[in-house]
Structures are given as C-alpha cells and as structure tokens.
There are 2 protein chains.
Amino acid sequence: MSVFINVFYICIVKRSEIKQHIIETASQLFYRNGYNLTGINEIISTSGVAKATLYNHFKSKEDICVAYLQHKNNSFIKQIEAFCLSKELGKGRVLALFEFLELFFEDQDFNGCWCIKTVAEIPRDNEIILTEIQTQKRDFIRFIEQLIIDNIEDINVQESFMMAKQVYLLYEAAVSESHLHKDVWPINSSKQLCNKII
Amino acid sequence: MSVFINVFYICIVKRSEIKQHIIETASQLFYRNGYNLTGINEIISTSGVAKATLYNHFKSKEDICVAYLQHKNNSFIKQIEAFCLSKELGKGRVLALFEFLELFFEDQDFNGCWCIKTVAEIPRDNEIILTEIQTQKRDFIRFIEQLIIDNIEDINVQESFMMAKQVYLLYEAAVSESHLHKDVWPINSSKQLCNKII
DNA sequence: TAAAAAAGACAGACTGTTCTGTCTTTATTA
DNA sequence: TAATAAAGACAGAACAGTCTGTCTTTTTTA
C-alpha cells in the first residue's frame with residue numbers, strides 16, 4: 001500500500017514540481033476566497049505539502065502572494081494574447097479583449113480582478129505587492145497599445161497611447177463591475193463604447 | 001483626573017450620539033485599513049467605547065460593516081450631488097463628476113471605492129453585504145441618469161440610460177485606477193472620454 | 001432610581017512562523 | 001552496478017500572538 005500511495009503521489013506532484021504545485025494551489029485559494037481569509041494551514045492541507053516544505057520554498061505568506069500574482073498574470077497575458085491574435089486583423093482584434101472577458105466572466109471561477117482584490121486586502125504601505133501589481137497593469141496597457149498600433153489604421157504614437165489608456169480603463173471597469181453586479185451588462189457597455197472610439 | 005477625563009469625553013460624544021460615533025470610527029478604520037485587518041478591539045480602543053456597548057448597538061461585525069457602507073454612501077451622495085448642482089446647467093454638470101473625483105483623490109484619506117474594497121474582502125456567499133453594495137451602485141447609476149436627463153439636450157429615455165451606464169463605468173474605472181496607480185491620469189482619461197460621448 | 005456605558009476578563013478558535021527529528025528521493029562515488 | 005552522501009519533503013508540536021463575541025462588575029448619566 002505504501003508503494004501504491006507513493007507511486008500515486010508522484011503521478012500528481014513530482015518532487016521538482018512542488019513549488020509550482022504550491023503556487024497553483026495558493027492561487028486558487030487566494031483568488032477564490034481572498035488573501036486574508038486564506039490561511040497557510042489551508043494551503044498546506046489543500047496542496048498536501050508539509051508546512052516546513054512550504055516555508056522552504058517561500059520565506060513568508062507575502063512571498064507566496066507575489067508568486068500568486070505573477071502566476072495569474074502570466075497565464076492571463078498568454079491566453080488573451082492568443083485569443084486576440086486568433087481574430088482577423090483589424091478593429092476586431094481590439095474588441096476581442098471584451099469577447100475574451102465575456103468567456104472569462106462565464107467561467108465559474110471568475111472572481112474579478114486579482115490585482116484590485118489584492119490591493120484592497122493589503123495594508124497601504126506594502127510596496128512590494130503594490131509595485132508588482134502596478135507593473136502588471138502597466139504591461140497590460142502596453143499590450144493594448146501594441147494591439148492598437150497593429151490594428152488601427154492611420155494612428156500616431158500620441159493618439160495610440162491615449163487610446164490604449166482609455167481602452168484599458170473600459171476593460172478594467174468591465175471586469176470589476178461585471179463581478180460586482182454579477183451581470184454581463186458592464187462588459188457589453190464597455191465594448192460598445194470601445195467600438196465607438198477605435 | 002477622572003472627572004476631567006469624563007468631562008472631556010462627554011464633550012466629544014454625547015450619550016445619544018454613541019452609535020453614530022462608533023459608525024464613524026469604524027468607517028475610518030475599515031476604509032483606511034480594510035475590513036478584515038480591522039478588529040473589534042481596534043474599533044473600541046479608537047472610539048473609546050466599551051466592547052459591551054458596541055455589541056449593544058450592533059449584533060455583529062457584519063452589522064457594523066453594513067452601517068459603514070451606508071454611512072459612506074450617504075455622505076458621498078450628498079456631497080457629489082451638491083458639487084454637481086453648484087456648476088452651471090449643462091454638460092458641465094456631468095463632467096463635474098470627474099472634477100469632484102479629482103478633489104476626492106487629492107484628499108489624503110482617499111483609498112479607492114469602499115464597495116469594491118469590501119466586495120474583495122468578504123466571502124463570495126455573503127449576500128447581505130453584496131446586496132447593500134449592489135443597491136448603492138444602482139442608486140448611483142440612477143443619479144447619473146437623472147443628471148444626464150437634466151443636463152443633456154435632446155436625449156431620449158433609452159439613450160440616457162445607456163449613457164448613464166457608460167459614464168458610471170468611466171467613473172468607477174477612474175476611482176479604482178487612480179487609486180491603484182497612485183496617479184491622476186485615469187481620472188483625466190475618463191473625463192476626456194466622457195466629454196466625447198455626452 | 002433605573003438604564004446604559006465602562007472596563008476588561010474570558011472562552012475558544014484561529015493566525016503565521018519556527019522547529020525537531022524522521023523518512024524518502026536523488027546524485028555521486030567506488 | 002552497489003554503496004554512500006546530500007538534499008529536501010514529511011508530520012506535527014510549539015510559539016506568541018490574533019480574532020470575535022459573551023459575560024460580569026463597576027461607574028456614570030438622565
């Protein structure tokens with residue numbers, strides 16, 4: 001039996017993948033239930049990892065938080081980029097942002113923006129986490145800007161940056177408000193307005 | 001000394017105003033430091049009220065949370081309404097929303113939207129608090145809608161509702177994002193875009 | 001004098017973090 | 001290939017706090 005369990009366990013988490021496994025487990029819990037409401041004990045019991053092992057990989061809960069944010073952002077950027085590029089060249093690729101969000105919203109795990117959620121939970125003076133979040137958002141604005149440059153005709157640098165910020169604001173509002181109202185209307189309204197300005 | 005302290009204390013909070021005093025103290029703490037990071041003990045020590053007294057007025061921390069949200073919303077609506085009406089009739093009264101937000105942002109106590117913050121902190125299934133928040137937001141949209149009807153010429157009911165939702169989304173994005181980026185640019189971008197659509 | 005507030009002890013559950021000592025896996029050597 | 005060494009994952013206790021909410025006793029106010 002011991003052998004079976006061992007073999008079985010290895011199938012789930014290889015030794016070399018333990019850190020990643022902890023990150024994924026913590027991410028699910030943090031995103032679903034919130035950072036402060038998720039305890040270390042819940043993370044270790046859910047992931048099946050020993051406490052000492054967790055603290056071998058991360059020096060503190062805050063450390064896990066940063067890893068969680070990065071994990072979320074990495075997969076998000078990868079997915080939304082692939083989704084937009086799957087559409088035909090042109091305005092549609094910008095509007096695809098909101099179509100992606102629609103799918104994201106319909107996902108049962110949707111729980112709003114992890115950055116906004118986390119900012120709301122940490123003390124004002126936690127610069128480590130705040131900096132990580134601001135970096136993610138600035139990268140996202142740059143991603144939108146490139147999308148605009150590549151897909152909107154006759155647009156100069158100044159205009160494209162201004163437009164990127166506006167599209168970004170509409171996207172962010174759509175995420176937060178669809179979550180708050182538990183309804184898709186903010187996504188539609190934002191998309192409509194975005195269509196008007198691009 | 002005991003007498004002095006008592007006299008001094010009475011000057012601050014009359015007996016009949018204790019409940020209101022608790023709400024105001026809790027509001028400051030919840031808004032500044034977050035709901036979960038603010039303990040009952042901090043509320044009582046800051047307000048100078050006994051624990052039993054607090055639990056005489058509120059049956060639970062959640063109860064105080066609802067009172068906090070209502071308190072915030074009441075004073076917000078009162079202030080923004082007065083500010084908008086202080087401007088000249090016309091489009092300017094709609095744009096005044098963002099001018100109000102600018103002042104709000106510059107206030108040292110500014111810490112984003114209390115609704116978004118609170119939603120991020122409570123468990124998904126807390127319907128009492130969520131309902132309170134959704135009601136506040138719907139009321140705010142209705143307020144914006146009335147502002148549009150009163151100040152934009154030749155607009156029908158359908159258009160005004162659609163526009164109200166869009167202006168609302170821009171306002172909400174401006175609040176959250178100016179807070180996140182610690183910068184005024186989201187307010188300016190939102191205002192600019194709002195000006196374009198009204 | 002009766003009602004209400006103050007003060008703070010209290011229960012009981014939870015927090016993040018550190019630690020010990022054991023067992024298992026992996027890498028290196030002979 | 002077999003023996004050994006190093007790395008690190010394991011369980012679980014302990015630490016010094018925290019938390020909400022209840023309760024009793026004393027003091028103050030109307």
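D:dC19 atom P lies 12 Å from atom CZ of B:F30, rounded to whole Å. For A:I18 and D:dA7, the CD1 to P distance is 17 Å, given to the nearest whole Å. The separation between A:F58 atom CZ and D:dG8 atom C1' is 15 Å, rounded to whole Å. Here the P atom of nucleotide C:dT17 and the CG atom of A:N56 are 14 Å apart, to the nearest Å. The distance from atom CG of A:L54 to atom P of C:dT17 is 9 Å, rounded to the nearest whole Å. Protein atom CG of B:N36 is 15 Å distant from nucleotide atom P of C:dC14, rounded to whole Å. Straight-line distance from the CD1 atom of B:I44 to the P atom of D:dT22: 14 Å, rounded to whole Å. The CG atom of B:L37 sits 12 Å away from the C1' atom of C:dT15 (whole-angstrom rounding).
Taking the centre of each ring, A:Y31 and A:Y68 stay at or above the 6.0 Å mark. In this structure, A:F30 has its ring center at least 6.0 angstrom away from the ring center of A:W114.
Of the side-chain N and O atoms in A:H57, none sit less than 4.0 angstrom from OP1 or OP2 of D:dG8. Residue B:N41 places none of its side-chain N or O atoms closer than 4.0 Å to OP1 or OP2 of D:dT18. Not one side-chain nitrogen or oxygen of A:T53 sits closer than 4.0 Å to the OP1 or OP2 atom of D:dG8.
Looking at the side chain of A:I40, the nearest of the listed nucleotides C:dA6, C:dT17, D:dA9 is C:dT17. Of the candidates C:dA5, C:dA7, D:dT22, the closest approach to any side-chain atom of B:K51 belongs to D:dT22. Closest to the side chain of A:A50, out of D:dA11, C:dA5, C:dA6, is D:dA11. You'll find that the side chain of B:Y55 is closest to D:dT22, out of D:dT22, C:dA5, C:dT18.
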Could you list the donor-acceptor pairs under 3.5 angstrom formed between side-chain atoms of residues 97-107 of chain A and any protein atom two or more places apart in sequence or on another chain?
residue, atom, partner, partner atom, Å
A:E99, OE2, A:K191, NZ, 3.1
A:D107, OD1, A:D109, N, 2.7

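Within residues 59-69 of chain B, the residues that place at least one heavy atom under 4.0 Å from DNA chain D are, in residue-number order, B:S60, B:K61.
With a 4.5 Å cut-off on side-chain heavy atoms, A:N126 and A:I128 count as touching. Looking at heavy atoms from C-beta onward, A:K117 lies out of side-chain contact with B:E121 at the 4.5 angstrom threshold.
Under the 3.5 Å distance criterion, the side-chain polar atoms of A:S189 are left unmatched by any main-chain donor or acceptor of A:P186.
Among the protein residues, B:T38 comes within range of the sugar-phosphate backbone only, with heavy atoms under 4.0 Å from sugar or phosphate atoms but none that close to a base.
Linking ILVMFWY side-chain heavy atoms closer than 4.5 Å, directly or via other members, places B:V167 and B:I149 in two distinct hydrophobic clusters.
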